[in-house]
Amino acid sequence: RRHELSEEQWNKIKKLLPLEKKPQGGRPAKDNRLMLNGIIYWLNTGIPWRDLPERFGSWSSVYSRFRRWTQQGVWEKLFTALVEQDIVDETALMLDSTTIKVHQHGSGLKKGSTKRKPDEAGVDDYEGHAVVDGLGNPLRFILSSGNRNDICLAKTLLEPFDLRGKLILADKGYDSDKFVRWIEKRGGMVVIPSRVIAKHPRTIDRLIYNERHLVENLFLKLKTIAVLQQDTRSERPLFLLLLSLPQLCFGYLDGLHTHS
């Protein structure tokens with residue numbers, strides 16, 4: 001079915017989800033696969049929870065499962081497990097960011113208002129910062145306020161990784177002598193074009209640099225998810241879920257895809 005997991009995809013993650021029945025007993029919980037399929041359907045269509053198709057059972061059960069898993073940190077654990085269990089291309093790390101616009105109705109604007117005060121610009125928007133490997137697989141994601149420059153979180157994004165022998169690809173927004181020295185000190189090879197105003201522009205391999213489109217593709221995939229185009233003040237766990245699903249559905253193994 002459209003927007004639902006295949007058997008192969010389900011087998012890949014079913015052991016990563018919480019048990020369906022509480023240890024202390026009680027009424028049996030709804031099937032995890034059914035609940036996850038309902039959540040995926042909501043993400044892809046952007047419809048109100050109450051309008052979920054009847055095949056997923058009670059919409060409130062799907063919503064409750066989503067909220068409970070969010071509160072329990074399930075999406076973070078799922079994302080981490082998917083990264084750890086799959087083959088990661090270790091030749092390169094690519095980083096980038098994108099602005100995530102909050103819809104007017106989720107931005108705190110008064111009804112009928114379309115403008116912010118000058119000092120409020122960007123307050124309710126988010127900046128998504130991501131690192132992908134040489135195949136475009138997401139490895140790390142940080143959500144920040146929308147008024148922070150790319151370079152502010154560059155070191156934080158790369159700190160968990162061993163940079164020795166790896167190509168580090170990023171656009172001009174990450175061109176900083178201090179950041180470049182930090183990468184080179186850790187054994188990384190910088191593929192970041194210099195700003196126009198640079199006194200001593202560095203030479204980079206443009207063919208290698210063009211591979212940076214893989215991290216841009218990640219953001220393009222995320223922005224096609226319908227729920228991000230809705231009235232939402234999204235939380236970090238939701239974005240980790242959105243990252244986990246592309247990683248699962250566009251995946252590392254044999255071009256896995258959800259049914260469409």
Side-chain angles (χ1 to χ4, degrees), residues 3-5 9-10 12-24 26-53 55-85 98 100-103 105-108 124-131 138-146 153 156 160 218-219 221-251 258:
H3 305 315
E4 295 186 19
L5 298 175
Q9 291 168 333
W10 172 243
K12 186 179 180 183
I13 66 164
K14 62 183 180 182
K15 293 183 179 180
L16 304 177
L17 298 173
L19 295 174
E20 293 177 2
K21 189 174 182 179
K22 297 179 180 179
Q24 66 269 29
R27 200 167 62 177
K30 294 286 185 179
D31 176 78
N32 274 346
R33 183 174 183 178
L34 181 66
M35 296 293 98
L36 185 55
N37 279 336
I39 293 168
I40 294 172
Y41 190 94
W42 169 72
L43 287 171
N44 280 286
T45 62
I47 64 173
W49 287 104
R50 291 177 180 272
D51 293 337
L52 280 175
R55 68 175 181 268
F56 299 119
S58 168
W59 69 267
S60 60
S61 295
V62 182
Y63 172 75
S64 295
R65 188 70 58 92
F66 170 73
R67 293 301 303 170
R68 183 163 71 250
W69 284 355
T70 297
Q71 293 163 0
Q72 292 174 349
V74 171
W75 309 127
E76 288 95 330
K77 294 172 185 175
L78 177 62
F79 177 70
T80 300
L82 286 170
V83 170
E84 291 177 349
Q85 74 174 227
T98 190
I100 300 160
K101 294 289 185 181
V102 175
H103 189 279
H105 301 298
S107 64
D124 291 306
D125 294 336
Y126 293 108
E127 194 78 10
H129 308 261
V131 177
L139 301 177
R140 190 142 198 249
F141 186 78
I142 297 175
L143 204 58
S144 75
S145 59
L153 288 171
T156 303
L218 170 65
F219 288 124
K221 288 175 184 176
L222 287 176
K223 288 183 176 181
T224 63
I225 304 245
V227 74
L228 289 188
Q229 302 168 25
Q230 305 297 317
D231 165 15
T232 179
R233 190 184 278 266
S234 301
E235 302 173 56
R236 182 173 179 273
L238 174 57
F239 278 87
L240 286 174
L241 165 61
L242 295 177
L243 279 169
S244 299
L245 292 175
Q247 182 169 339
L248 173 67
C249 302
F250 298 104
T258 49

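Values reported hereafter were calculated over all heavy atoms of this structure, with side chains retained and with hydrogens, waters and symmetry mates removed.
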- Would you give the length of the straight line joining atom OG of S58 to atom CZ of R50, rounded to the nearest 0.5 angstrom? 9.5 Å
- Item | Between CD on residue Q72 and CZ on residue R67, distance to nearest 0.5 Å | 12.0 Å
- Task: Provide the closest heavy-atom pair for E4 versus Q9 in the form atom of the first, atom of the second, distance.
- Result: O-OE1, 4.3 Å
- Task: Verify, without hydrogens or angle tests, whether R140 (side chain) and T156 (backbone) share a donor-acceptor contact under 3.5 angstrom.
- Result: yes
- Note on the structure: On a heavy-atom basis, the closest approach of G38 and V62 is C-CG1, 3.9 Å
- Any idea which heavy atoms bring P18 and N32 closest together, and the distance? O-ND2, 2.7 Å
- Task: Using a 4.5 Å cut-off on heavy atoms from C-beta on, say whether the side chain of I142 contacts that of V131.
- Result: no
- Query: Which residues satisfy the ring-ring contact (aromatic ring centres under 6.0 Å, His included) test with W69, sequence neighbours excluded?
  - Reply: W75
- Query: Within the side chain of R33, is there an N or O that forms a donor-acceptor pair under 3.5 Å with the backbone of L5?
  - Reply: yes
- Query: Can you list the residues that meet the side-chain contact (heavy atoms from CB on, under 4.5 Å) rule with K77, with sequence neighbours excluded?
  - Reply: none
- Taking atom CG of L36 and atom CH2 of W10, what is their separation to the nearest 0.5 Å? 6.5 Å
- Item | Distance (rounded to the nearest 0.5 Å) between L52 CG and S60 OG | 10.0 Å
- With sequence neighbours left out, write down each residue that passes ring-ring contact (aromatic ring centres under 6.0 Å, His included) with Y63, or none if nothing qualifies. W49
- Query: Centres of the F56 and W42 rings: under 6.0 Å?
  - Reply: no
- Item | Heavy-atom closest contact (F219 atom, G128 atom, distance) | CZ-O, 3.4 Å
- When rounded to the nearest 0.5 angstrom, what distance separates OG1 in T70 from CD1 in I39? 7.5 Å
